[in-house]
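Okay, structure first, notes after.
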Amino acid sequence: MRTFAPAAVLFDMDGTLVDTEVLWWETAREVAAGLGHRLTDADAPEVVGRAVADTAAHLIGVTGGDSSTLSDTAAELTDSFFRKVDAGAPLRPGAAALLASLEGAGVPFALVSASPRSVVDAVVAGSLAGVDFAFTLSADDTVRTKPHPDPYRTAAERFAADPAACVAVEDSPDGTASADAAGCAVLVVPSLLPVAPGRGRTFARSLEEVDLGVLSDCLRRP
């Protein structure tokens with residue numbers, strides 16, 4: 001099995017390892033309400049799995065707001081989300097066991113998130129305390145974040161690995177698109193939004209179904 005083991009496993013954070021997507025949706029809903037907009041399912045593609053700046057731009061656009069307030073709206077989203085996450089975000093089912101199994105098998109893994117550094121650090125110090133990530137990447141650590149390929153390409157480079165030898169574990173369409181574009185195999189465990197099937201994508205209903213064998217099989221999927 002180790003012959004075919006991934007060079008590295010690259011985990012998304014929100015909605016994949018920790019149950020924070022609901023907290024992000026609540027944050028966006030509150031900020032939208034303050035701008036006079038009622039958030040609905042129609043807004044989900046511009047909110048779920050998106051970077052703070054993308055969601056801020058969407059909220060300003062749908063409310064006809066002044067683009068000069070973009071930074072203020074983004075800051076409000078970040079601050080509110082941070083407070084919610086800092087109060088505690090539960091792990092997704094199976095996350096702790098999977099991370100422990102990879103550590104025990106000597107397979108390196110990292111965190112690759114589209115959340116701001118402040119939020120990533122809060123989660124790593126809280127819900128993910130004690131997890132031996134090789135490193136963590138936040139939205140602040142690359143010029144472009146998801147759905148662009150930069151985060152996953154950067155992570156593979158830091159491991160000195162070919163992206164095609166790495167498996168990204170994602171829950172959202174944008175995160176999956178990012179990993180795809182970087183050339184990684186992708187294990188998709190959907191949370192709030194469905195993810196379309198595609199080349200190089202393997203699906204699981206929960207991390208409870210995932211082990212090193214499943215991750216290794218992702219590399220052999222056409």
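Not measured: the values here are computed from a predicted model.
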Atom pairs and distances, donor-acceptor, side-chain atoms in residues 88-100, under 3.5 Å, two or more places apart:
from	atom 1	to	atom 2	distance (Å)
R92	NE	G15	O	3.4

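Each ring-ring contact (aromatic ring centres under 6.0 Å, His included) pair with one or both residues in residues 166-218, not counting sequence neighbours, would appear here, but there are none. Within the structure, ring-ring contact (aromatic ring centres under 6.0 Å, His included) contacts touching residues 16-69 (residues at least two apart or in different chains) are W24-F81. For residues 87-114, the pairs satisfying ring-ring contact (aromatic ring centres under 6.0 Å, His included) are F109-F133, with sequence neighbours left out.
Taken from CE in M13 to CG in D171, the straight-line distance is 11.0 Å, to the nearest 0.5 Å. Atom OG of S80 is separated from atom CZ of R29 by 10.0 Å, given to the nearest 0.5 angstrom.
Taking the side chain as every heavy atom from C-beta outward, V169 and L207 approach each other to under 4.5 Å. Residues D14 and S113 form a side-chain contact, since some pair of their non-hydrogen atoms from C-beta on lies under 4.5 Å apart. Side-chain contact between L193 and S172 is absent, with no heavy atoms from C-beta onward closer than 4.5 Å. In this structure, the side chains of V186 and V195 stay at 4.5 Å or more apart for every pair of heavy atoms. Side-chain contact check for L219 versus V167: some heavy-atom pair is nearer than 4.5 Å.
Ion pair D217/R220 flagged as a salt bridge, since at least one NZ, NE, NH1 or NH2 atom sits closer than 4.0 Å to an Asp/Glu carboxylate oxygen.
Contact detail for A156 and C166: the closest heavy-atom pair is CB-SG, 4.2 Å.
Y152 forms part of a hydrophobic cluster together with L10, V112, F135, L137, F159, judged by ILVMFWY side-chain heavy-atom separations under 4.5 Å.
Residues V210 and L111 share a single hydrophobic cluster, defined by chaining ILVMFWY side chains whose heavy atoms lie under 4.5 Å apart. Placement of F11 and V188 in two distinct hydrophobic clusters is found when ILVMFWY residues are connected by side-chain heavy-atom separations under 4.5 Å, directly or transitively. Both L35 and L39 are part of a single hydrophobic cluster, where members link through side-chain heavy atoms under 4.5 Å apart. L192 is connected to V31 through a chain of hydrophobic side-chain contacts under 4.5 Å among Ile, Leu, Val, Met, Phe, Trp and Tyr, so both are in one cluster.
The closest side-chain donor-acceptor pair between R117 and T136 falls under 3.5 angstrom.
For L70, the side-chain contact (heavy atoms from CB on, under 4.5 Å) partners two or more places apart in sequence, or in a different chain, are A56, A57, I60. E157 pairs by the salt bridge (Lys or Arg N to Asp or Glu O under 4.0 Å) definition with nothing, not counting sequence neighbours. With sequence neighbours excluded, the residues satisfying salt bridge (Lys or Arg N to Asp or Glu O under 4.0 Å) with D174 are R50. Scored by the salt bridge (Lys or Arg N to Asp or Glu O under 4.0 Å) test, D12 finds K146 as partners (sequence neighbours excluded). In terms of the side-chain contact (heavy atoms from CB on, under 4.5 Å) criterion, residue partners of T78 (sequence neighbours excluded) are, by chain and number, V52, P116, S118. T202 is linked by a side-chain contact (heavy atoms from CB on, under 4.5 Å) to L187, C218, R221, counting only residues two or more places apart in sequence or in another chain. With sequence neighbours excluded, no residue forms a side-chain contact (heavy atoms from CB on, under 4.5 Å) with S67.
Here the side chain of R201 pairs a donor or acceptor atom with the backbone of A196 at under 3.5 angstrom. S127 contributes no side-chain N or O that, together with a main-chain N or O of V123, makes up a donor-acceptor pair within less than 3.5 Å.
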